[in-house]
2 protein chains.
Amino acid sequence: MEPNITIEDVAKLAGVSRATAGRVVGGYGNVSAKSREKVMKAVQELDYRPNLVAQGLRGQSTKTIAVILGSIKNNYCNKLIYAVEKEAQKYGYNVIVCNTHEDIAQEVGHLQNMYGRHVDGVILMSACKSGDELKEQHRDLYQGKTPIVFVDRRIKGLDSRVIQSNNAEASYQAAKYLLELGHRNIAVLATDEYSTVNERIKGYKRALGEYGIEFRSQNLAFAPHNDKEKIRQVTATILDAEERATALYVLNNSLCIGVLMELKERHMSVPEDLSLLVWDDEELNELLEITTVVQPIEEIGKVAVQDLMRQKENIADPEGEKREVLDASIVFRQSCKAYEKC
Amino acid sequence: MEPNITIEDVAKLAGVSRATAGRVVGGYGNVSAKSREKVMKAVQELDYRPNLVAQGLRGQSTKTIAVILGSIKNNYCNKLIYAVEKEAQKYGYNVIVCNTHEDIAQEVGHLQNMYGRHVDGVILMSACKSGDELKEQHRDLYQGKTPIVFVDRRIKGLDSRVIQSNNAEASYQAAKYLLELGHRNIAVLATDEYSTVNERIKGYKRALGEYGIEFRSQNLAFAPHNDKEKIRQVTATILDAEERATALYVLNNSLCIGVLMELKERHMSVPEDLSLLVWDDEELNELLEITTVVQPIEEIGKVAVQDLMRQKENIADPEGEKREVLDASIVFRQSCKAYEKC
DNA sequence: TTGAAAGCGCTAACAT
DNA sequence: ATGTTAGCGCTTTCAA
């Protein structure tokens with residue numbers, strides 16, 4: 001196993017000191033044209049590449065960003081990783097991905113580990129449910145000296161920067177659309193209570209209120225995102241309700257497939273037997289022409305990275321608050337039908 | 001900005017030397033019970049966490065694995081990342097994800113960068129097309145001292161360890177299934193030519209051969225995986241052929257949605273108007289009851305990590321070759337119908 | 001402009 | 001059992 005080529009080797013071959021070689025390679029300080037040339041040649045010849053670990057130890061930056069999220073397999077997370085990697089690349093950063101499996105203990109472990117790695121920033125889609133209070137002993141993990149950006153989910157008791165869609169407003173618009181179509185009995189299906197889901201529910205309630213309709217708790221059901229059987233059961237309960245809803249508003253795409261399977265088994269058609277409106281786009285939605293609230297996920301990932309860069313450079317960001325909330329939009333397709341009262 | 005807590009601080013507080021503190025924290029060497037206790041207490045008190053960058057520089061390992069692949073957003077890659085992260089976690093490793101966008105130049109750049117980071121291993125789903133010859137100047141990137149495992153795609157001119165499905169055999173089985181159903185005119189749709197696709201085509205041809213059917217080149221079409229319009233066009237060409245195929249065999253799931261959209265526009269039903277068989281499972285396939293060749297992706301990711309660990313530890317692996325190829329299986333659903341000759 | 005040398009935080013060889 | 005010290009490869013003062 002041949003040893004690694006270091007700046008020392010380059011210096012030797014070029015006939016200069018380590019410092020001078022380093023200056024050329026690193027592109028800092030002053031070097032004479034002659035030295036520069038000799039060093040460049042040596043670099044070429046040896047195919048020298050700086051050791052980023054040593055740079056990381058010595059310097060201020062490891063050129064690394066951590067993305068910590070609930071489930072890599074989830075479509076939303078997936079697109080987020082894609083966007084983050086792409087944007088980080090532009091700044092010469094690499095991305096470490098950590099999966100919490102929606103478990104806070106694991107999230108805490110990852111955070112500690114990432115700080116041990118001295119990552120330059122953390123992008124966190126926290127597993128904290130909206131009820132969870134931040135434990136005091138963990139506060140510095142969520143609010144320390146390492147730049148951190150929260151994506152999507154807000155943590156109670158922490159007023160950090162959160163990049164997310166305008167959940168409440170977009171949800172209000174979506175619900176209003178259903179109401180305008182004449183629906184008065186709109187069931188809502190959501191995953192466990194995260195802050196985003198709560199905001200979407202708020203938007204839904206506001207729309208109801210505007211139409212003078214009282215919110216009925218039996219019209220709000222929760223299901224875990226990774227349990228298809230349970231999703232179907234919950235869907236079944238909704239469909240079997242005394243006064244069956246005429247529209248189903250699904251707040252998380254991961255629930256969609258379970259809903260569709262239950263509908264299929266019952267030979268129910270969309271939108272003939274039930275209007276359907278879903279959050280987050282997937283290819284499936286396009287194929288089945290499901291009206292969808294589309295979040296600007298890739299934009300969220302991009303902005304998150306940019307935000308970290310800004311925090312790192314300590315650049316003031318007066319526009320920051322404006323960029324915190326990005327607009328989701330509704331793609332109207334064929335899954336919602338006007339409902340005529342009898 | 002308070003300075004980081006180092007082993008020095010721990011040593012001081014515990015009233016021992018750095019070395020002793022290190023021994024306790026690192027869990028190596030001999031320490032007296034009394035010292036151990038003092039150090040442990042200091043660690044607790046200071047909430048000390050070792051600097052992994054320094055460990056990486058000093059030691060043999062950065063506890064990092066790189067996954068380099070064509071497209072994070074792709075469902076297959078996505079599951080692979082999931083599996084790799086999960087398995088790496090077990091060994092205390094973290095995962096850096098790099099996206100090549102199926103571009104060799106970027107792949108090369110990522111490899112160089114990852115070696116600069118001194119990752120302990122690389123899992124590579126190469127962007128090399130099956131025609132591409134490995135450039136000699138890049139050989140050491142693909143076959144250097146850092147453990148590397150190829151997933152799925154083989155690189156011409158390189159006899160490294162490749163973890164993949166039994167593409168040829170599973171494809172043979174799939175084609176045979178269609179032939180047994182009576183289909184004699186089976187169109188194949190695939191993405192650009194990667195080694196996996198080639199092997200699947202081989203399996204298809206072998207099945208044809210067994211049934212005494214000659215392969216017709218117009219029954220083999222290629223489409224790029226990320227261009228829905230193009231996929232639809234190519235599908236259209238297949239459907240508009242003089243003697244229209246009675247079955248369509250799609251070798252990559254990413255093409256599936258385009259095919260389905262084209263079928264939908266034509267009001268063609270599966271399997272009534274066309275039998276459909278697809279590689280790689282997605283939720284969509286289950287919902288639409290599409291018969292599918294399912295690859296053990298998560299197993300592939302897991303085995304890839306284990307292989308890296310073995311390479312790193314230099315553990316002989318007599319069973320290795322057996323584990324190189326993992327069995328894909330066919331999930332029979334409702335998308336293939338017996339074809340009766342007139 | 002250049003070189004010598006310190007030091008980032010850790011581990012491990014060596015000495016006590 | 002414990003402490004001293006060198007050194008991983010780099011950047012960055014400080015002198016020359």
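Per chain, numbering begins at 1; letters A, B, ... match sequence-line order.
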Nearest 0.5 angstrom please: B/I148 CD1 to B/L124 CG, how far? 5.0 Å

Close residues, residues 11-26 of chain A, relative to DNA chain C [heavy-atom separation under 4.0 Å]: A/V16, A/S17, A/R18, A/A19, A/T20, A/R23

Would you call B/K34 and B/E37 a salt bridge, taking side-chain N to carboxylate O under 4.0 Å as the test? no

B/E87 side chain to B/K302 main-chain N or O, any donor-acceptor pair under 3.5 Å? no

Which pair of heavy atoms, one from B/M125 and one from B/L80, lies closest together, and at what distance? CE-CD2, 3.9 Å

Lys/Arg-Asp/Glu bridge criterion (N-O < 4.0 Å) met for B/E102, B/R153: yes

Near-strand residues of residues 32-54 of chain A, defined as heavy-atom separation under 4.0 angstrom from DNA chain C: A/S32, A/S35

Got a salt bridge between A/K79 and A/E298, using NZ or NE/NH1/NH2 to carboxylate O under 4.0 Å? no

Once the angle between the rings of B/H101 and A/Y82 is folded into 0 to 90°, is it parallel (under 30°), tilted (30 to 60°) or perpendicular (over 60°)? perpendicular

Expressed in angstrom and rounded to an integer, what is the separation of B/Q60 atom CD from C/dC10 atom P? 17 Å

Backbone N or O of B/S71 within a donor-acceptor pair of the B/N74 side chain at under 3.5 Å? no

In whole angstroms, how far is the C1' atom of C/dC10 from the CG atom of B/N4? 13 Å

Closer than 3.5 angstrom, by distance alone: can the side chain of B/T64 be matched with the main-chain N or O of B/N94 as a donor-acceptor pair? no

Keeping B/S195 on the side-chain end and B/R154 on the backbone end, is there a donor-acceptor pair under 3.5 Å? yes

In short, B/T100 meets B/G70 closest at the heavy-atom pair OG1-CA, 3.3 Å

So which of residues 108-120 of chain A are in contact with DNA chain D, with a heavy-atom cut-off of under 4.0 Å? none

In whole Å, I'd like the distance from the CD1 atom of B/I7 to the C1' atom of D/dT2. 14 Å

Once you round it to whole Å, what is the distance between C1' of D/dG3 and CD of B/E8? 13 Å

Please report, rounded to the nearest Å, how far the C1' atom of D/dC10 is from the CG atom of B/L57. 8 Å

